[in-house]
Amino acid sequence: MLHRLHAPLRHLLALDQLPRATIEALLDRAQTLRPRALTGDPAYRPLAGCTLANLFFEASTRTRCSFQLAAARLGADVLNVDMATSSARKGESMADTLATLEAMGVTLFSIRHSLDGVVAELAAVCAPTTRLINAGDGRSHHPTQGLLDMLTIRQHKGLDFSHLKIAILGDIKHSRVARSDLHALRALGAGEIALAAPVTLLPDAATAAGCSVQASADDAVRDADVIITLRLQRERMEEGLVPSLEAFYSDWGLSPQRLQLARNDAIVMHPGPMNRGVEIANEVADGPQSVIREQVSNGVAVRMAVLEALAATKADDQS
Ligand code: NCD
């Protein structure tokens, strides 16, 4: 029997379209699924007979593997389509690739692409029974990462985010993780969100809505309950946005000294992959306040919850 959300979910494209109640229902479900996410349960196969295709046009370790594990732990079949050797190389459009896989009975897709808005465009042309999950498009959205980050914060800080100070440090401008985190944090009523980045890496005003932009990383980290560090996304950058990696670390990186400004029980997060010694020190990434591995574990549970919710939505339900 498939677990259904109170409100049907046709696709998961972004978190800004989701009401707070839907985000909370997905997080509650992920928390319930966590034991099954970690060890698997051969008797639990609600998605038996369904197929998930992972279409990743950009590099990924965590996200693709955790979609694969999440689907397998629900009893689904999984296709990892290697886009580097697929017909996309022969010029096939993404819509045709999708239609080809739909013709083989694939109904669930997780899609990552370097172009903003691609997954939403595919959602407009796919079959009514198809369910799409945005696994990261350009710098726009990464909704499952946003959800797994919220689940991790909840596990350490409780369900009420209204008293929390959350600091987000580093390359916010190019980060789809930061955008999805910000949508979720606002939806869940986070108390204070402090952003800190060099001016060249600050996001636009719409992205930063409801946040305070701090002049220094120290100001953002001071008394924080949660510190989210972000990868310096050199592949999305024009040259010259940071003077040097050493200067970036010194001004904006999370060093052990800077971490001491936060609350004693502050947690440190990073979506991975990390540039150690650039946005985060080794000692911090591997230290007692780091919850980076827990984020990864939570990724499987969150993706199970999302896959279940999408598979349970009937083709004629409203999205
Ligand atoms: C992120 C991504 O690809 O957006 N990684 C991830 O999914 N965990 C962050 C990044 O690449 O820096």
Side-chain angles (χ1 to χ4, degrees), residues 12-16 30 37 52 54-71 80 83-84 109-120 132-153 168-185 195 197-198 201-203 207 227-237 241-242 245 248-249 252-254 267-280 284-285 290-304 306-307:
L12 183 63
L13 303 177
L15 294 182
D16 56 346
L52 167 77
N54 286 321
L55 307 184
F56 278 59
F57 295 84
E58 261 193 4
S60 173
T61 303
R62 273 149 287 269
T63 305
R64 194 178 59 73
C65 293
S66 74
F67 268 113
Q68 181 174 356
L69 282 176
N80 285 309
M83 299 317 299
F109 293 84
S110 80
I111 303 172
R112 167 170 290 191
H113 203 284
S114 57
L115 292 177
D116 301 280
V118 160
V119 191
L132 305 184
I133 304 167
N134 184 353
D137 65 321
R139 58 176 81 173
S140 294
H141 299 285
H142 192 351
T144 54
Q145 180 74 41
L147 291 171
L148 75 89
D149 286 349
M150 297 309 113
L151 184 62
T152 309
I153 296 173
I168 304 183
L169 296 189
D171 185 0
I172 305 168
K173 176 178 175 152
H174 299 102
S175 177
R176 54 196 176 208
V177 175
R179 282 179 180 74
S180 288
D181 281 351
L182 286 169
H183 290 310
L185 287 167
L195 308 181
L201 298 179
L202 278 171
T207 302
I227 306 167
I228 300 176
T229 56
L230 299 167
R231 186 173 65 88
L232 190 62
Q233 306 215 352
R234 285 173 273 181
E235 78 276 22
R236 291 191 217 290
M237 254 179 221
L241 292 184
V242 291
L245 298 182
F248 182 86
Y249 174 71
W252 308 100
L254 191 59
I267 56 169
V268 174
M269 303 173 65
H270 191 299
M274 288 183 272
N275 294 305
R276 289 168 177 264
V278 179
E279 65 262 359
I280 189 166
V284 175
S290 169
V291 296
I292 295 169
R293 296 272 173 82
E294 293 169 44
Q295 289 175 267
V296 176
S297 304
N298 283 330
V300 181
V302 155
R303 291 174 178 118
M304 286 172 76
V306 169
L307 288 167

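Values reported hereafter were calculated over all heavy atoms of this structure, with side chains retained and with hydrogens, waters and symmetry mates removed. Indexing begins at 1, ligand by ligand and atom by atom, following the structure's order. Not measured: the values here are computed from a predicted model.
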Heavy-atom contact check, 4.0 Å cutoff: does E58 meet ligand 1? no
Within 4.0 Å of some non-hydrogen atom of V177, the atoms of ligand 1 are 1 (C), 4 (O), 9 (C)
Has ligand 1 got any nitrogen or oxygen that is less than 3.5 angstrom from a nitrogen or oxygen of P273? no
So, Q145 versus D149: side-chain donor-acceptor pair below 3.5 Å or not? yes
Counting from 1, what ligand 1 atoms have a heavy atom of Q145 closer than 4.0 Å? 6 (C), 7 (O), 8 (N)
Should G272 be counted as touching ligand 1, given the test is an N or O pair under 3.5 Å? yes
Tell me, which protein residue and heavy-atom name are nearest atom 3 (O) of ligand 1, and how many Å apart are they? R176 NH2, 2.9 Å
Full working for side chain to side chain contact (heavy atoms under 4.5 Å, CB included) between L169 and I228: CA-CA 6 Å; L169 296 189; I228 300 176; over 6 Å; no
Within ligand 1, which atoms have a heavy atom of H142 less than 4.0 Å away? 2 (C), 4 (O), 6 (C), 7 (O)
With no hydrogens and no angle check, just 3.5 Å: does a side-chain donor-acceptor pair link R303 and S66? yes
Under a 4.0 Å threshold between the charged nitrogen and the carboxylate oxygen, would E279 count as salt-bridged to R234? no
Just by distance, with hydrogens left out, do R231 and H174 show a side-chain donor and acceptor under 3.5 Å apart? no
Identify the closest protein heavy atom to atom 8 (N) of ligand 1: which residue and atom is it, and at what distance? P271 O, 2.9 Å
Ignoring hydrogens and angles, state whether a donor on the side chain of T63 or R112 is under 3.5 Å from an acceptor on the partner side chain. yes
Among all protein heavy atoms in this structure, tell me which lies nearest to atom 10 (C) of ligand 1, with the distance rounded to 0.1 Å. R231 NE, 3.3 Å
I'd like to know if the side chain of N80 pairs up with that of Q68 as donor and acceptor (distance under 3.5 Å, no hydrogens or angles considered). yes
Record the part of Q233 in heavy-atom contact with ligand 1 below 4.0 Å; permitted values are side chain, backbone, both and neither. side chain
